[in-house]
Every structure is written in C-alpha cells, then in structure tokens.
Amino acid sequence: MTTVGIPAGWPATEEEARAVQDELRGRVVLDESGPPPGTGRVTGVDVAYDDERDVVAAAAVVLDAASLDVVAEATAVGRISFPYVPGLLAFREIPTVLAALDALPCPPGLVVCDGYGLAHPRRFGLASHLGVLTGLPTIGVAKNPFTFAHDAPGAARGSASPLLAGTEEVGRALRTRDAVKPVFVSVGHRVSLDNACAHTLALTPAYRLPETTRRADASCRRALQDATIRH
DNA sequence: GCGACAG
DNA sequence: ATCTTGTCGC
C-alpha cells in the first residue's frame, strides 16, 4: 500500500476544476475500438472514503480477461483531495487511483471505472479524465443514471438503450442480468461504445456489476479499514 | 429561481 | 459514498 498527498496545483475550487476539464477534454481519443473482450487484462479501480477522518483509499485490481481470476492488486491511501460535487467526481478520486495504478506490478490493460466517461455534462467524466492522464484505454460503468435520460432497456441480459445528448449517443443503459436494474456504460479513452458494452457483458457472468468493480470495491474498503483502525 | 445530481 | 438487521428468494 502506498500513501499519497494532494498533488501540487490540484484545483481548489469548482471553477478551477471545470476549467481543467475544459482544457483536457480535447485530449480524449474516441476513434479507437480498444482491446477485444476476453483477451489480455482488465483492471477495476474504486475508492472508499472516511470523510470524518479525511482518509481516502483506492484499489486497482487486475483480472485475467478470459478467466476473470485476480492476477495482481494494489492499494493506496491519502487525504481527500476535493469535495463531492456532481460533475467533478474525478477530482475527488483520481490522485489516489493513480497511486494505486502506479503501484501495480504489471500493466493494467483496459481500466474499468466506477462512474461515467463521455456521458458527462462537459463530456469529461472520471473515465475520460483517468484515460487522458494515463494514456490507458478506459471505460465507465456507473450504477446510477446521471445527466442523460434514457428509455428502459428490454428485460433480457444484453438489452441496451441509448443515453442521448440530443441526437448523440453518449452512453448506454445496459442490462447485465435478466430483469435487474441496468448499468450505465460510457466510453472513457481509446475504446468504442460497442466494445465498452461487450467488455461489460464479458465481466458480468454472474452479477449486475462487473467483476472488476466488485473486486476493486471490496479491496478499497479493506484498505480503508486497515488505514482507519486506530490512529 | 427550483430541483436533480456519477461516487 | 456512508449510516445499518433482518429477511425474502433463487
């Protein structure tokens, strides 16, 4: 486990944070399809908080994309770098997530984020931001709808309905389990939406949420506990 | 102006 | 995100 502080020059206000998004947005790569599902490695990242003690813990868990077995894992803890503001989630999660990714002993392959990428008010959600900063292919899989309305997808696993920004499809509500609430998939960096959905289905053989985020969620909670017991 | 709002 | 027990169902 590694420890991180708040990066120098990190935005201190919402206005500064929005300016950073507006500047970095142009670096997102949307014309690559990304690695094929079921090959190589897929990494889940997630973060847990103790606002009382100003502690944040992040985890990066690398899975073999074919077997979904865990092949590597790393965690990091730090101070909370930004308050939760809808639309600015990345500024709260990214410093610790980057530290966890840096601590991995192997390349992460495709990174699956908890939250949105393109389907964001300024088209630059957490998955987009993490992709631009690392250069890695990223996608966002969120548990709840955010800024874009959608029709309910069909009841069968695999059914999807678009998240529309006008006529532009910025993401999809994707059913990963029959008759269970869908997840919300959007592109981060260097991955197509079709491929992002294919990855999401490959990562959900048994549960609504991708194995990557389930593993990362459990891992960062443990890390927060370990960092928070006593002191 | 009012409500909604990823994690 | 987080606070939190049991309970219904496959």
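By the ring pair (Phe, Tyr, Trp, His ring centres under 6.0 Å) test, F82(A) pairs with F91(A), sequence neighbours left out. Considering only residues two or more places apart in sequence or on other chains, D102(A) meets the side-chain hydrogen bond (donor to acceptor under 3.5 Å, both in side chains) condition with none of them. For the ring pair (Phe, Tyr, Trp, His ring centres under 6.0 Å) test, no residue two or more places apart in sequence or in another chain qualifies with Y49(A). Residues satisfying the side-chain hydrogen bond (donor to acceptor under 3.5 Å, both in side chains) criterion with R92(A), sequence neighbours excluded, are D51(A).
The strand DNA chain B forms no stems, meaning no runs of 3 or more Watson-Crick or G-U wobble pairs with distances below 3.5 Å. In DNA chain C, no run of at least 3 consecutive Watson-Crick or G-U pairs with both distances below 3.5 Å is found.
Residue A48(A) is in sugar-phosphate contact alone, with no base atom involved, counting any heavy-atom pair closer than 4.0 Å across all strands shown.
Salt bridge status for D217(A) with R221(A): present, with a side-chain N to carboxylate O gap under 4.0 Å. Salt bridge D22(A)/R25(A): present, at least one basic N to carboxylate O contact under 4.0 Å. Classification of R214(A) and E211(A) as a salt-bridged pair holds, one side-chain N sitting under 4.0 Å from a carboxylate O.
Per the geometry, CZ belonging to F82(A) stands 20 Å off P belonging to dA1(C), to the nearest Å. We find that CD1 of I94(A) is positioned 18 Å from P of dA1(C), with the value rounded to whole Å.
R53(A) places a side-chain N or O within 3.5 Å of a backbone atom of T228(A) that can act as its donor or acceptor partner. Side-chain atoms of R123(A) come within 3.5 Å of backbone atoms of H120(A) as a donor-acceptor pair (strictly under, hydrogens ignored). Between the side chain of R172(A) and the backbone N or O of P162(A), no donor-acceptor pair lies under 3.5 Å. A donor-acceptor contact shorter than 3.5 Å links the side chain of S186(A) to the backbone of G117(A).
Here the shortest heavy-atom pairing between L209(A) and T213(A) reads CB-OG1, 3.8 Å.
Chaining together hydrophobic side chains whose heavy atoms lie under 4.5 Å apart places L224(A) alongside V55(A).
Evaluation of the side chain to side chain donor-acceptor pair (under 3.5 Å) test over residues 31-44 of chain A, restricted to residues two or more places apart or in two chains, returns E32(A)-R190(A). Sorted by first and then second residue, the side chain to side chain donor-acceptor pair (under 3.5 Å) pairs involving residues 132-147 of chain A (not counting sequence neighbours) are D114(A)-K143(A), N144(A)-K181(A).
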- Task: Summarise how protein sits on nucleotides 2-7 of chain B as a single string, 5' to 3': B when a protein heavy atom is under 4.0 Å from the base, S for sugar-phosphate-only contact, - for no contact.
- Result: ---BBB
- Mark up nucleotides 5-10 of chain C, 5' to 3', with B wherever a protein heavy atom is under 4.0 angstrom from a base atom, S wherever such an atom reaches only the sugar-phosphate, and - elsewhere. ------
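Residues of residues 195-213 of chain A having a heavy atom closer than 4.0 Å to DNA chain B: none are found.
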